[in-house]
Amino acid sequence: METRSVLIQNLCVPCACRCRYCLLSWDGRPVGVSWERGAEYALRFRAWQRAHRPELRFRYAFGYAMEPPDWRAALSLLRALDSPQTEYLQCDGMRMRDAAACAALTELLASEGVKRLNFTFYGLPEYHDRFAGRSGDFALMLRMMGAAAAAGLSVSAGIPLTAESAPQADALIGILRGQAAGAHIFLFVPHGEGRGARLQPIRFSEDDLAALSADTARLLNRELFRPEHEWLSEDAFTEETARTLLVSLRPDNIGRYAAMEPGELIAEIEALDDRYYAAFPTLPALAQRYGDPAGTRFYRQRDLFHHYRRLYAAEHGVSVYDVTDERQSGSRRY
Ligand code: SF4
């Protein structure tokens, strides 16, 4: 298993939403360290990585919401760290702003070199607000989209498909195109990690796909997202050969991490990843045991593997440090 990249993450900025499927299981308490401590650690790690492991791709990201203490200072730090967040920001869960404040923020971001803002819409306004756990969230994101387009930023909007949201997709896309005509709109099937496990009873299926208009259905990447029976009958799995390590900075690890050589920390997280995957059979073996050859629900490969591992863990009482829980240090294989 080749380690190709390291992502340092500091989940220190509270989110204003409480989405039903939050990957990060946001519950109102940030798990990260202070902004300054995270920045200091990331800069030191970056300097070490440049000198000792230049072949590794390095990234730094903060969350939950894109609300740093000071945007200009934050972007300067992110540039020093070559963070993808210098160009692309996922703007969910931000604080409430009126039209003037949306315009001021998007103009500032454009002047600082940010290129694209992304938004996630769960359905039509009332449904979206309920799903996101905040009244007025849909309207805020529409205001931000319009302001971003007016400031010359590119805009993209993702729509998670479930049995509940799919019937709303055509009308929702109409609203989004009306707000930002050039917006890149895409559909995806939300994964079952974090609080996403709660969406399993309404996981998007072939029946839901058949009910979408042809124009809307085209916005779903059918190479990535396939019904379970298709994954199984076409033997379409690709072997995972590489991994990204996630270093999640938290009050319970920052002191120890800061005292370690980054190389030691890399080896420690690689060992956690090895141990986790050694506790489970391979994806093809799990598919033989748990796969439903008639399954019509959609998954991407990583999501289906996660689903089968959960079934295996429940049957065999597997208890191992979960490297896929993105609130803590871990890994992502691909
Ligand atoms: S906006 Fe993002 S971080 Fe906040 S609750 Fe929703 S999914 Fe979680």
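Note that the numbering runs from 1 along the sequence shown for the chain.
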*asked:* Is it true that, when you exclude E126 itself, more than 12 heavy atoms of the residues, nucleotides or ligands shown sit nearer than 6.0 Å to its CD?
replied: no
*Name the one of L78, I8, L11 that satisfies side chain to side chain contact (heavy atoms under 4.5 Å, CB included) with F62?*
L78
*Would you kindly say whether T244 and S5 are connected by a side-chain donor-acceptor distance under 3.5 Å?*
yes
*Enter the distance from E40:CD to S34:OG here, rounded to the nearest 0.5 Å.*
8.5 Å
*Partner of E193 under salt bridge (charged side-chain N to carboxylate O under 4.0 Å, His left out), chosen from R332, R310, R327, R300*: R332
*If we ignore angles and hydrogens, is there a donor and acceptor under 3.5 Å between the side chains of E315 and Y290?*
yes
*Side chains of Y312 and V318: does their closest heavy-atom pair fall under 4.5 Å?*
yes
*Just jot down the side chain to side chain donor-acceptor pair (under 3.5 Å) partners of S329, sequence neighbours excluded, or say none.*
Y257
_So W26 and R18, do their side chains get closer than 4.5 Å, heavy atoms only?_
yes
*Between S213 and D215, is any side-chain donor less than 3.5 angstrom from a side-chain acceptor?*
no
_For Y127 and Q168, which I'm curious about, is there any donor-acceptor pair between the side chains at under 3.5 Å?_
no
*Should W71 and E112 count as side-chain neighbours, where that means a heavy-atom distance under 4.5 Å?*
no
*Only counting residues at least two apart or in another chain, list the ones meeting salt bridge (Lys or Arg N to Asp or Glu O under 4.0 Å) with D273.*
R243, R333
*Does atom CD of E239 have more than 12 heavy-atom neighbours, drawn from other residues, nucleotides or ligands, at distances under 6.0 Å?*
no
*Can R79 and E87 be counted as an ion pair, charged N to O under 4.0 angstrom?*
no
*Hey, what do you get for CZ (F186) to CG (L161), rounding to the nearest 0.5 Å?*
11.0 Å
*May I ask you to decide if R72's main-chain N or O and S76's side chain share a donor-acceptor pair within less than 3.5 Å?*
no
*Distance-only, no hydrogens or angles: does the E230 side chain make a donor-acceptor pair with backbone N or O of T296 under 3.5 Å?*
no
*Enter the distance from L75:CG to Q85:CD here, rounded to the nearest 0.5 Å.*
9.0 Å
Donor-acceptor pairs are to be reported for all side-chain atoms of residues 139-151 against protein atoms at under 3.5 Å, with residues two or more places apart or in another chain.
{"residue": "R143", "atom": "NE", "partner": "R97", "partner atom": "O", "Å": "3.0"}
{"residue": "R143", "atom": "NH2", "partner": "R97", "partner atom": "O", "Å": "2.9"}

*Counting N and O atoms only, with roles assigned by atom type, does the side chain of D129 sit under 3.5 Å from a partner on the main chain of D137, one being a donor and the other an acceptor?*
yes
*What do you reckon, are the aromatic ring centroids of F305 and H307 less than 6.0 Å apart?*
no
*Considering only NZ, NE, NH1 and NH2 on the basic side and carboxylate oxygens on the acidic side, decide whether R4 and E55 come within less than 4.0 Å.*
no
_For S248 and Q328, which I'm curious about, is there any donor-acceptor pair between the side chains at under 3.5 Å?_
no
*Does some side-chain heavy atom of S165 sit less than 4.5 Å from a side-chain heavy atom of Y122?*
no
*Between Q200 (side chain) and G192 (backbone), is there a donor-acceptor pair under 3.5 Å?*
no
*What orientation do F45 and Y41 show, parallel under 30°, tilted 30 to 60°, or perpendicular over 60°?*
tilted
*Any cation-pi pair here, R226 with F298, using under 6.0 Å and within 45°?*
no
*From H306 NE2 over to T324 OG1, what is the distance, rounded to the nearest 0.5 angstrom?*
4.0 Å
*Salt bridge between R256 and E268, side-chain N to carboxylate O under 4.0 Å?*
yes
*Quick one: pull up CG in L124 and CG in D170 and give me the separation to the nearest 0.5 Å.*
10.0 Å
*Any side-chain donor-acceptor pair under 3.5 Å between T120 and D92?*
yes
_Transitive ILVMFWY side-chain link I269 to M260, under 4.5 Å_ = yes
*Taking the inter-plane angle between the rings of F121 and H128 on a 0 to 90° scale, is it parallel (under 30°), tilted (30 to 60°) or perpendicular (over 60°)?*
tilted
*Side chain to side chain, L187 and T216, heavy atoms closer than 4.5 Å*: yes
*What distance do R134 atom CZ and C15 atom SG have between them, rounded to the nearest 0.5 Å?*
7.5 Å
*With sequence neighbours excluded, residues passing salt bridge (Lys or Arg N to Asp or Glu O under 4.0 Å) with R44*: none
_Heavy-atom donor-acceptor pair, E228 side chain to R297 backbone, under 3.5 Å_ = no
_C19 backbone acceptor or donor facing R195 side chain under 3.5 Å_ = yes
_Could you tell me if the side chain of F204 sits less than 4.5 Å from the side chain of T162, heavy atoms only?_
no
*Would you say the side chain of R309 lies within less than 4.5 Å of the side chain of Y276, judging by non-hydrogen atoms?*
yes
_Y21: partners by side chain to side chain donor-acceptor pair (under 3.5 Å), with sequence neighbours left out_ = none
*Side-chain (Q288) to main-chain (P284) donor-acceptor, under 3.5 angstrom*: no
*Tell me, yes or no, whether the heavy-atom count around E223 atom CD, taken from other residues, nucleotides or ligands under 6.0 Å, exceeds 12.*
no
_If you define the side chain from C-beta out and look only at heavy atoms, does anything of L245 sit under 4.5 Å from E270?_
yes
*By side chain to side chain donor-acceptor pair (under 3.5 Å) - contacts of E206 (at least two apart)*: H229
